[in-house]
Amino acid sequence: MIETVTTVHVDRPPGEVFDYVADFENNPRWQGGMVAARWITDPPLRVGSRYEQEARFLGRRITSTFEVVALEPGRMVRATTVEGSFPITFTRTVEPEGNGSRVTAVVHGDATGFFRLAEPLMRRKVQQSIDADYAALRTVLEG
């Protein structure tokens, strides 16, 4: 089991930040290795909404379908893999902090196949990747 927690301050209003991180089609704009993401259910965002994504990690192509399993509009969204080779659940929380927002990401992953063999390496690589992604998110939103 791999678990990471990352927090970043973004100098933008919480509602704006939440709307951006909860629209998963934005993921390729700020997540390294993310090739594409697209909704497969119609709006609005709700528990049960699904999207597909394609990513590259450690030289491997990872295609996954995610489903939103918890939602507090304007504050928190949690999604989990329902199809894919690397099962994860992630939670993105946005809260007011000073004149901006504190964004916290918690990611739980279960390594399988090739990734299970590389789990010690995976733990470090996943944390580094997520830290870099959320630094990029700050840059994109404050840009």
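Side-chain atoms are counted along with the backbone in the values below, which use heavy atoms only and exclude waters and symmetry mates. The shown structure was predicted, so the numbers you read here are calculated from the model rather than taken from an experiment.
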Rounded to the nearest 0.5 Å, how far does [atom2] of [Y] lie from [atom1] of [X]?
X	Y	atom1	atom2	answer
Ile62	Gln53	CD1	CD	8.5 Å
Asn27	Arg38	CG	CZ	14.0 Å
Met34	Ser129	CE	OG	8.5 Å
Thr80	Ile88	OG1	CD1	8.0 Å
Asp133	Arg138	CG	CZ	12.5 Å
Arg12	Asn99	CZ	CG	12.0 Å

Decide yes or no for [X] and [Y]: does some side-chain heavy atom of the first lie under 4.5 Å from some side-chain heavy atom of the second?
X	Y	result
Ile40	Thr65	yes
Val68	Leu45	yes
Thr7	Arg102	yes
Leu137	Thr139	no
Val107	Glu3	no
Leu141	Val17	yes
Phe66	Val82	no
Phe24	Arg92	yes

Practice problem: Run the numbers on Thr6 and Gln127 for side-chain hydrogen bond (donor to acceptor under 3.5 Å, both in side chains), then give the verdict. | Solution: CA-CA 8 Å; Thr6 298; Gln127 184 69 60; 3.2 Å; yes

Hydrophobic cluster identity match, [X] and [Y], side-chain contacts under 4.5 Å:
X	Y	result
Phe18	Val140	yes
Val21	Leu71	yes
Val106	Val126	no
Val77	Tyr20	yes
Trp39	Val47	yes

Quiz item: Donor-acceptor pair, Glu142 side chain versus Asp11 backbone, under 3.5 Å?
Solution: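 Yes: the side chain of Glu142 pairs with the backbone of Asp11.
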
Quiz item: Under 3.5 Å, is there a donor-acceptor pair between the side chain of Thr41 and the main chain of Arg50?
Solution: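 Flag set: sc Thr41 to bb Arg50 pair under 3.5 Å.
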
Quiz item: Does the side-chain contact (heavy atoms from CB on, under 4.5 Å) test come out yes or no for Thr81 and Thr89, once each step is laid out?
Solution: CA-CA 6 Å; Thr81 309; Thr89 297; over 6 Å; no

Mind listing the closest non-hydrogen atom pair of [X] and [Y] along with its distance?
X	Y	value
Pro28	Ala37	CG-N, 3.8 Å
Arg46	Asp42	NH1-O, 2.8 Å
Ala70	Met76	CB-CE, 4.0 Å
Pro44	Ser49	O-OG, 3.7 Å

